[in-house]
Amino acid sequence: MKYIFILLITGVIASAQIKTAELDLMPWPQKIDLKSGIFTLDKNFKVNITGLPNARIFGAATQFLRRLDGRTGLFLEQGFLTKLNEIPSAQLQINCKQQGKIGLYEDESYQLEIQTDKIIINATSDLGAMHALETVLQLLQNNGTSFYFPTSVISDFPRFTWRGLMIDAARHFQPIDVIKRNLDAMAAMKMNVFHWHLVDDQGWRIEMKKHPKFTQLASDGNFYTQEEIKNIVKYADERGILVVPEIDVPGHASAILTAYPEIGSKVIHLNSQENKTQKTAVISNYAIERNSGIFTPTLDPSNPKTYQLLSEIFDEVCPLFPGSYFHIGGDENEGKDWDANPKIQEFMKKNALANNHELQTYFTMQLIPMLKKHHKELMGWEEIMTKNLSKEAIVHSWKGPNEGVSSGKSLITAAKNGYKTVLSNGFYIDLMQSVADHYSNDPLPKTAVLSQVEKARILGGEAVMWSELVTPTNIDSRIWPRTAAIAERLWSNEDITDLISLRKRLKTISFRLEELGITHLRNKEVILRNISNNQNTVALNDFSNVCEPLKIYSRNTDGTEYKVYSPFTLFADACTADANDAIAFETAVNNYIENKTPENESSVTLFLKKWIDTNTKLIELSNNAPLIQPILPLSKSLSDVSQQLLLLIEKKQLINPILLNDLLEHCNSKNNADVELAVYKSLKKLL
């Protein structure tokens, strides 16, 4: 018994010596001071709330207990929290000075102190207290016998007030459960703005009781009822999240014009015989779009009926969203239908509008009073910004180098020109870029030359999930866990930039996101089973861990053209950015190049042998799984170069460099199954 007791005490002491670098906190707090002791959990652990908080804190604290119980299996005795100061002797004391309001500029700070016998959370509002509860959950540790929290003092607050995620429910409709589980994940990552893209060329997603044609003709039956929208807004409110709806106008208007073609800009040119017999005005035919891309259907800014309909839309939609902001899109309007319409051209001359940009500004300015009527501020993508745009509008920066401007340039310009602004350039998670790309992107880079007033106009940033290539099955794997890194960039100090630390913490955070219902891990197996024809998926999974989907929209350019009804259950849909084995292989290769020890050599060759074996197994599986066939050429290329590298590294054989380079370049192919080998650059280093 004496030795068992000594072992237990040793385990407790060891766990008490946890270091800051060992914690898997995200976003990383502004200030953390670890102490030497621990707070050990048992089933008697309880929570008490004091102060003047919003009632949402009771649900948040109850959910905190359930999540804590789920992780520890302690059968915590406290059930539902419903009132203030219910258990004054509780080990966790939460004090909130005032009710938190959902919106920007709220005080979301908190102070957390974990002592050996109690935990104290002090926050200005319940919003800060809820952030503190997420931090407490992330601090949970365990040894072989118990769960505990390290004693510590944390002082924390967000760097930016706008920390958002946009989900596009227009291209591919995203059911209620998708939205709710992502709201849960956002709250866990201390994000506070959900931007809901509800209308685009591919669909109208809002029930309209006064204009039912929108859902009858332009939704394919997939839309949110007004009660469902209210439910989502309430669900978000309970998690401290503001919902910002978007109806994209005047471009991206195929769905709107499918229902109401009379406000479109397109002109039909009739031949002379048709002109003679035509008795009524010709209205162009429109249809909801099935492809991805930029399309010409555009609202007619010269038609009074356009503004009448939009005003009626806002009158019905705005009351569903109590927040202060409404996004009107305004992006990617090429103006082709405007150029071809004589009536619109005459309207521009009459109103001294020199070009389509000025015409669009005219259009946007008509919407401002419609929204102000409902106490909403207008927000739009950066194309809305001109010298004549109202300074009350919020400019959403999204263009990057491919559009001819440097990253964040429009953000800086907007701030200098007096506009509040939000950054999404560099946070487009649908581009399938690495977490490193997003993590190094900052709404307020150190190189930016701005006054304090101008800096204050930069509200923050927003991760963007366009849904051309996602369905409810794979959308989570495109959002998470990379969006957690974006959340950290928007919350934490600008000097928190260690990529090694980030990747280490993301592994745990990714697992905890699954606990909340996010399907990015579990649904990968669902897709792999489909590809393998329900055979063993180990080889497929191994190969997916070195492959990544083609990036920056190149998946939907050459070759297969994806439509809204195309299958998204293929190998590229199972692969993700930041392929796990590719990252590990890069580390192994770098270590080997730096120091060719037997251990470092073995780390590299184990990967090469694994890929040779994987190829053999994939060939075997493909005999009863046609969906494996498209990846075999890429798997063979990896196997072939691996065999040659093994001869070079292990056997010290001289290999024809021309042959080796030729095999290597086959591994750089982008022509197989819409994926690329993420290990190509590391393989090249070995040469």
Side-chain angles (χ1 to χ4, degrees), residues 168-175 196-226 228-229 245-270 280-317 320 326-341 343-344 360 363 367 370 380-381 466-468 471 561-566:
D168 169 15
R171 274 54 178 266
H172 276 100
F173 181 71
Q174 304 301 328
W196 204 355
H197 187 82
L198 290 161
V199 176
D200 215 295
D201 290 296
Q202 293 79 5
W204 178 281
R205 306 300 182 198
I206 311 166
E207 178 192 20
M208 301 295 292
K209 295 181 179 179
K210 295 181 180 178
H211 295 282
K213 285 201 296 184
F214 279 122
T215 52
Q216 290 169 357
L217 301 177
S219 73
D220 291 321
N222 292 317
F223 61 91
Y224 305 102
T225 68
Q226 293 191 11
E228 286 174 328
I229 289 172
E246 179 181 354
I247 295 177
D248 203 347
V249 288
H252 287 279
S254 298
I256 294 175
L257 296 177
T258 297
Y260 291 92
E262 60 268 27
I263 62 169
S265 300
K266 185 161 53 176
V267 174
I268 290 183
H269 296 284
L270 302 175
T280 59
V282 174
I283 297 175
S284 178
N285 291 323
Y286 293 92
I288 53 177
E289 190 54 60
R290 304 305 186 183
N291 292 338
S292 303
I294 304 172
F295 306 100
T296 58
T298 312
L299 303 186
D300 181 354
S302 71
N303 188 345
K305 291 182 179 178
T306 300
Y307 303 108
Q308 179 184 343
L309 179 62
L310 288 173
S311 181
E312 292 170 0
I313 288 171
F314 293 141
D315 285 348
E316 189 166 353
V317 174
L320 301 175
F326 201 108
H327 205 299
I328 57 93
D331 61 315
E332 297 182 325
N333 173 25
E334 297 179 324
K336 293 179 180 178
D337 284 357
W338 289 355
D339 295 336
N341 189 317
K343 183 171 72 74
I344 293 175
Q360 180 154 333
F363 169 85
L367 306 189
M370 298 181 196
W381 301 104
W466 297 112
S467 68
E468 287 93 339
T471 67
E561 183 177 13
Y562 289 88
K563 300 179 184 296
V564 295
Y565 47 78
S566 298

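If you're wondering where the values come from, they're calculated on a predicted model, not measured in any experiment.
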Note, [X] side chain near [Y] side chain (heavy atom, < 4.5 Å):
X	Y	result
Ile206	Ile247	yes
Glu312	Gln308	yes
His172	Asn222	no
Leu309	His211	yes
Ile344	Pro301	yes
Trp338	Thr298	yes
Ile256	Ile313	no
Tyr260	Tyr286	no

Check ion pair Asp300-Lys343 (N to O, under 4.0 angstrom):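 The answer is yes: the pair qualifies as a salt bridge.
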
Can you tell which of His197, Glu289, Gln202 makes a side-chain hydrogen bond (donor to acceptor under 3.5 Å, both in side chains) with Arg171?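 The residue from His197, Glu289, Gln202 that satisfies side-chain hydrogen bond (donor to acceptor under 3.5 Å, both in side chains) with Arg171 turns out to be Gln202.
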
Flag, side chain of [X] to backbone of [Y], donor-acceptor distance under 3.5 Å:
X	Y	result
Gln360	Gly330	yes
Asp337	Ser265	no
Ser311	Met370	no

Can you establish whether the number of heavy atoms outside Lys305 located under 6.0 Å from its atom NZ is more than 12?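 Incorrect, the count does not exceed 12.
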
[atom1]-[atom2] distance between [X] and [Y], expressed to the nearest 0.5 angstrom:
X	Y	atom1	atom2	result
Glu207	Ile229	CD	CD1	8.0 Å
Trp381	Asp248	CH2	CG	8.5 Å
Leu257	Asn285	CG	CG	11.5 Å

List the atom of [X], the atom of [Y], and the distance in Å for their closest heavy-atom pair.
X	Y	result
Ala253	Leu299	CB-CD2, 3.9 Å
Ala170	Arg205	O-NH2, 2.7 Å
Ile294	Glu332	CG2-O, 3.5 Å
Phe295	Ser292	CZ-O, 3.4 Å
Asp200	Ala255	O-CB, 3.2 Å

Run the numbers on Trp196 and Gln174 for side chain to side chain donor-acceptor pair (under 3.5 Å), then give the verdict. CA-CA 10 Å; Trp196 204 355; Gln174 304 301 328; over 6 Å; no

Assert yes or no for the condition that the ring centre distance of Phe326 to Phe314 is strictly below 6.0 Å.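 Yes, they do, as the ring centres are separated by less than 6.0 Å.
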
Pick out which of Thr258, Val199, Ile288, Asp220 makes a side chain to side chain contact (heavy atoms under 4.5 Å, CB included) with Trp204.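 The side chain to side chain contact (heavy atoms under 4.5 Å, CB included) with Trp204 is passed solely by Val199 among Thr258, Val199, Ile288, Asp220.
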
